[in-house]
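Working notes for the structure below.
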Amino acid sequence: MSTKLDLKISVDKLLPIIKEVVQEVNNLSIERQGVLIQEFSKYYKEEKSFEKGVSLQELANAEQGKVITRFPPEPNGYPHIGHAKAAIIDEEYARMYNGKMILRFDDTNPLNEKIEYYQAIRDGLEWLGIKPDLVKNTSDDILVLHNYGKRLVSEGHAYICTCTSDIIHKNRAEQIECDCRRNQNEANDRLHRMFDGQYSQNEAIIRFKGDMQSLNTVLRDPTLFRIIDHPHPLLGSKVRVWPTYDLAAPIEDSMDGVTHALRTKEYELRNELYYSILSRLKMRSPILIEFSRLEFDGMPVSKRKIKPLLEGGIISSWDDPRLPTLIALHHRGFVPEAIRKFILGLGITLAETKPPFETLESINRKMIDPISLKLFFVSSPVELRVEGGKFGKIELRNHPTQDLGNREVEIANKFYIASPDAEDLQIGQKVRLMELYNIKILEIRYENNKKVLIGSYEGDRVIQNIKKIQWVAENDAVEFSVKVPKELFIGDIYNPNSLELKTGYAESFVSKLKAGTLVQFMRFGFCSILNGKSATYTHR
RNA sequence: GCUCCGAUGGUGUAGUACGGCUAAGCAUUUCGCCCUCUCAAGGCGACGAUCCCGGGUUCAAAUCCCGGUCGGAGCACCA
């Protein structure tokens, strides 16, 4: 009815009829109602593609209220757009089925984890508006994991291998089982030594009895535990025997009740191992689903590429606007709703592609347009003197259609306009100073080698079809600069011109704004305020 | 090298499990027009895909089968 205008108009006439029908239906038995619903549903085909791009396709074997997903980042760096994809998909599915979503820090390698990163990931998720139903660490379960490992060994599904990594590597390639695997009678003894600290790092590992003949090399007796003598950010040096991802992930997922475990597609080959470990342990197995990684062209996500730039001082921090980290996107002026909509629009695909950053920008632009203060900034300013114009205080609107308040500006006869505009103007041309008045260019001269435009006041009324330009009053101008991020990498190499600095004057009003305020500098672009003197360019 | 995965307009995707309703929807980009005190937003429109290639099955294939090509991943005591 909401889409049929004629019905809408005559709603008061329809109301009695509607009430009658509702009464009639309510008098029927529940069974009868069910039968009728079935019948009627035949006439109403589901509109599948309704609001496409904002909802995910159905999950296999998903029951309302019973779906549990999990987002398992390793706390080894700042979360980026790739993490956002995984986390948003996990959360969206949990929400879609009225289920639960777990945030699990997969912190099983003390060499990589840092306490700082646990927090950075939490902050990133919070910004995205993701509230996990449970937050835990894989390391919380370290003893349980040890027990499962011991069980695998004592039941003959795993063994302690003391071969060198070279030998292991070679045997894998040649599909040969080593003696460690074959001597089951030594297993228990070795097991004790493993956990009693009698082996040193690199001396022994626990390996899964997979299948050395398998074409899937992951199955050729992969490592389940190794010894790492390095303090863990949460457990210190108490623990030396650490599980690998291959062991920890399936057990944790199974124990946590995860029904649908989503991961990126580079894990595809490990699915067989995952299921195999759980079945040897006779544990319930989640459904594994994979999707492609998310990365932008020229904006690498990999720590391998970013860390050198950071360490070399080329990039000063993880929130540099050229980076795809969540904190960078945030500080640059992207809103979390835009990230979510963008990611959901991508869907779950196995195709390895790099979506256009412009699409994200476009979504964001539409979202921030109504909430951005519309202000003036002139880059590479050129002086403009107006004869016959008014002096004194005037009020300017902060947004043409939204109520975002006004600002007061004191004007005189001197202004600055942006150099690209100044270059364009011809003598005799009429142009409007936005929100102020019209002028005519009388003269273009040079004073001390600097261009100065002289114009005359030509009335207040808005004239169609003349150029409208932004301006800053001379006595209201503050020096201002905007950082404009470009592609960090071109192909595989660092782009030295990836950060451009545009300098000029902005209205003094900007110095009153809090960091993070979103503005649109008219005819320049959307920006996020950094402080009273600078901003970061969000996008055009 | 071996194994696995993928392949729809410039880009990202929908559709592909149950072949016809789709010579293919949406978004983005680009370009017009309208609106507008912005180079933004909004409205309208246009350009743009023989659905990687070659065979086959079928009355009918983007959708099924076979064989290629190209791209990605794995072959870690990382996750």
Side-chain angles (χ1 to χ4, degrees), chain A residues 48-49 51-53 57 60 72-77 106-109 111-113 138 161 163-165 168-169 172-173 201-207 214-220 222-228 241-246 248-249 263-272 290 292-294 297 341-342 345-363 365-370 372 374-376 396-397 399-402 420-421 431-438 460-470 520-526 539-540:
Chain A
K48 278 202 286 192
S49 50
E51 270 295 304
K52 231 185 245 166
Q57 52 209 186
E74 181 183 20
N76 67 343
D106 242 333
D107 53 352
T108 57
N109 187 345
L111 260 16
N112 295 152
E113 340 298 22
T138 299
C161 181
C163 298
T164 65
S165 56
I168 291 172
H169 190 239
R172 276 216 179 96
Q201 191 167 310
N202 298 326
E203 201 181 337
I205 57 174
I206 300 184
R207 289 225 265 163
S214 176
L215 288 175
N216 182 353
T217 50
V218 167
L219 256 24
R220 321 239 262 238
T223 306
L224 262 21
F225 289 89
R226 75 289 209 203
I227 295 164
I228 300 175
V241 180
W242 286 96
T244 57
Y245 170 87
D246 282 328
R263 29 152 59 160
T264 43
K265 70 173 261 172
E266 70 266 23
Y267 293 110
E268 261 179 318
L269 269 345
R270 318 196 87 82
N271 288 183
E272 211 178 338
E290 37 281 325
S292 60
R293 301 181 65 121
L294 171 55
D297 229 354
K341 186 173 181 191
F342 171 73
L346 257 31
I348 296 196
T349 323
L350 268 345
E352 64 279 339
T353 49
K354 291 183 179 177
F357 191 73
E358 284 160 322
T359 304
L360 209 209
E361 291 186 341
S362 168
I363 293 170
R365 187 181 301 120
K366 286 167 191 160
M367 288 184 174
I368 66 174
D369 187 57
S372 299
K374 312 285 173 160
L375 306 176
F376 298 148
L396 296 174
R397 294 174 302 165
H399 198 288
T401 56
Q402 309 289 315
D421 288 329
V431 61
R432 181 173 177 83
L433 300 180
M434 291 175 71
E435 302 273 344
L436 221 209
Y437 51 58
N438 310 312
D460 290 341
R461 297 271 308 267
V462 176
I463 306 171
Q464 301 266 333
N465 304 325
I466 65 166
K467 192 169 180 161
K468 281 95 182 176
I469 62 171
Q470 76 277 23
Q520 185 194 19
F521 285 125
M522 301 294 262
R523 307 204 310 135
F524 180 80
F526 289 89
H539 45 59
R540 72 171 195 342

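Computed from a predicted model, the values in this text were never measured in an experiment. The chains referred to below are lettered A, B, ... by the order of the sequence lines, with proteins before strands, and numbering in each begins at 1.
Within 4.0 Å of A:Asp106, counting heavy atoms only, lie sugar-phosphate atoms of the nucleic acid but no base atom. Across all strands, A:Arg432 comes closer than 4.0 Å to base atoms (heavy-atom distances). Contacts of A:Asp297 with the nucleic acid, taken as non-hydrogen atoms under 4.0 Å apart, are absent. Among the heavy atoms of the strands lying under 4.0 Å from A:Thr108 are primed sugar atoms or P, OP1, OP2 only; no base atom is included. Across all strands, A:Arg207 comes closer than 4.0 Å to no nucleic acid atom at all (heavy-atom distances).
When both distances must be under 3.5 Å, the Watson-Crick or G-U wobble mate of B:C59 is B:G20. For B:C31, the paired base is B:G45 (Watson-Crick or G-U wobble, both distances below 3.5 Å).
For B:U38, the base has a donor-acceptor partner in the side chain of A:Gln520 [N/O atoms by modelled type, under 3.5 angstrom]. The base of B:A79 lies close enough to the side chain of A:Tyr267 for a donor and an acceptor atom to sit less than 3.5 Å apart. A:Lys374 contributes a side-chain N or O that forms a donor-acceptor pair with the base of B:U38 under 3.5 Å.
For B:U13 and B:A24, the C1' atoms lie 13 Å apart once the distance is rounded to whole Å. For the P atom pair drawn from B:G68 and B:A14, the interatomic distance equals 28 Å after rounding to whole Å.
Taking side-chain N and O atoms only, A:Thr353 has a distance below 4.0 Å to OP1 or OP2 of B:U13.
Listed candidates were B:U29, B:G74, B:G6. Nearest to the side chain of A:Ala351 is B:G6.
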